[in-house]
K.L.:
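One structure coming up, written as structure tokens, with questions to follow.
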Amino acid sequence: MNIIPAENYNDLSQKAAKFIIEFVQSKPDAVLGLATGGTPEGTYKYMVEDFNHNKTSYQNVRTVNLDEYVGLPVENPNSYHAYMYNHLFKHIDVPEGGCHIPNGMAEDLDAECKRYDQLISSLGGVDLQLLGIGHNGHIGFNEPGTSFEKRTHTVELTRTTRRANARYFDSLDEVPTHALTMGIKAIMESRQILLIASGKDKAEAMRRLIKEENISEDFPASSLQAHSHVTIIADREALSLAYNYERRA
Ligand code: PGA
């Protein structure tokens with residue numbers, strides 16, 4: 001895994017945006033796998049800033065998002081549809097029809113998962129997958145214990161994850177109990193992966209990801225150790241237990 005250390009959240013956001021922008025510049029028809037959550041907000045902000053100043057075009061880019069809550073309509077500001085539209089899609093020139101997110105309102109969730117898998121393969125797979133990491137090592141919404149063989153599937157969210165995401169809702173009770181997520185199998189098939197992490201509360205997860213060589217379904221992010229093209233961009237706090245800034249070890 002290639003580690004790019006950042007000083008703080010702003011620095012990490014700039015570095016991650018630069019990474020994605022350069023990727024798109026070198027492959028203007030890239031399929032980007034995108035993520036939601038607090039961490040990518042700054043990355044998207046700098047991508048938008050670059051679009052406004054440098055006009056990096058996303059006209060031929062297609063995007064597939066990792067996950068979506070079950071039961072939140074797209075108009076709900078906490079849906080990942082709304083998140084992506086508000087933080088990125090409405091600000092750049094990516095065509096609306098080229099942006100894909102699982103439909104958490106589908107009547108038949110199993111059929112929706114199959115449709116999403118077929119869509120990803122019809123696009124030729126993901127060229128660059130952006131990931132955050134949960135405190136429990138989840139990637140996408142693949143919680144500990146999820147089989148690494150799964151493709152898109154419905155998950156029941158753990159209490160830790162619901163609590164971590166409750167900050168966006170009025171109360172914990174309002175956080176959906178289920179979500180649709182791309183599986184580890186599909187994430188691992190991405191040609192490149194960029195994982196971003198910020199803050200002290202991610203330090204232990206980053207230690208397990210970087211320092212432990214034990215690939216286990218108990219810690220979903222450990223699957224990435226078997227991927228040959230992973231870049232991690234994280235800040236000093238997130239890397240505090242995993243990386244020696246002084247030695248750049
Ligand atoms: P966060 O979430 O960016 O909001 O910390 C990351 C994740 O849970 O994958």
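Indexing begins at 1, ligand by ligand and atom by atom, following the structure's order.
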K.L.:
Identify, for atom 8 (O) of ligand 1, the protein heavy atom at the shortest distance, and state residue, atom and that distance.
P.N.:
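Closest protein heavy atom to atom 8 (O) of ligand 1: His138 NE2, 2.7 Å.
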K.L.:
What is the closest protein heavy atom to atom 4 (O) of ligand 1, and at what distance does it sit?
P.N.:
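Looking only at protein heavy atoms, the one closest to atom 4 (O) of ligand 1 is Gly38 N, 2.8 Å.
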K.L.:
Is Thr39 close to ligand 1, meaning an N/O of one under 3.5 Å from an N/O of the other?
P.N.:
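Indeed, backbone or side chain, Thr39 has an N or O that close.
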K.L.:
If you measure from each non-hydrogen atom of Ile133 to ligand 1, which part falls under 4.0 Å: side chain, backbone, both or neither?
P.N.:
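The answer is the backbone.
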K.L.:
State plainly whether the residues Asp29 and Lys27 are in salt-bridge range, i.e. N to O under 4.0 Å.
P.N.:
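Salt bridge present between Asp29 and Lys27.
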K.L.:
Has the side chain of Asn65 got a donor or acceptor atom that lies under 3.5 Å from a matching backbone atom of Thr36?
P.N.:
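Side chain of Asn65 to backbone of Thr36: no pair is present.
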K.L.:
Please determine if Glu22 and Lys18 form a salt bridge, counting it only when a charged side-chain N lies under 4.0 Å from a carboxylate O.
P.N.:
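Yes, charged N to carboxylate O under 4.0 Å.
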K.L.:
Can we say Lys15 and Asp11 salt-bridge, meaning some charged N sits less than 4.0 Å from an Asp/Glu carboxylate O?
P.N.:
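Salt bridge present between Lys15 and Asp11.
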K.L.:
Give the atoms of ligand 1, by number and element, whose distance to some non-hydrogen atom of Gly132 is under 4.0 Å.
P.N.:
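Close to Gly132: 9 (O).
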K.L.:
Give the residue and atom name of whichever protein heavy atom lies nearest to atom 5 (O) of ligand 1, and the separation in Å to one decimal.
P.N.:
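Here the closest protein heavy atom is Lys202 NZ, 2.6 Å.
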K.L.:
Does Arg167 reach ligand 1, in the sense of a heavy atom lying below 4.0 Å from it?
P.N.:
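Contact check Arg167 vs ligand 1: positive.
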K.L.:
With heavy atoms under 4.0 Å as the rule, classify the contact between His135 and ligand 1 as side chain, backbone, both or neither.
P.N.:
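Contact part for His135 vs ligand 1: neither.
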K.L.:
Is any side-chain N of the basic residue among Arg151 and Glu189 closer than 4.0 Å to the acidic one's carboxylate O?
P.N.:
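Salt bridge flag = yes for Glu189 with Arg151.
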K.L.:
Are any of the side-chain heavy atoms of Leu194 and Ile233 separated by less than 4.5 Å?
P.N.:
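Yes - at least one pair of side-chain heavy atoms lies under 4.5 Å apart.
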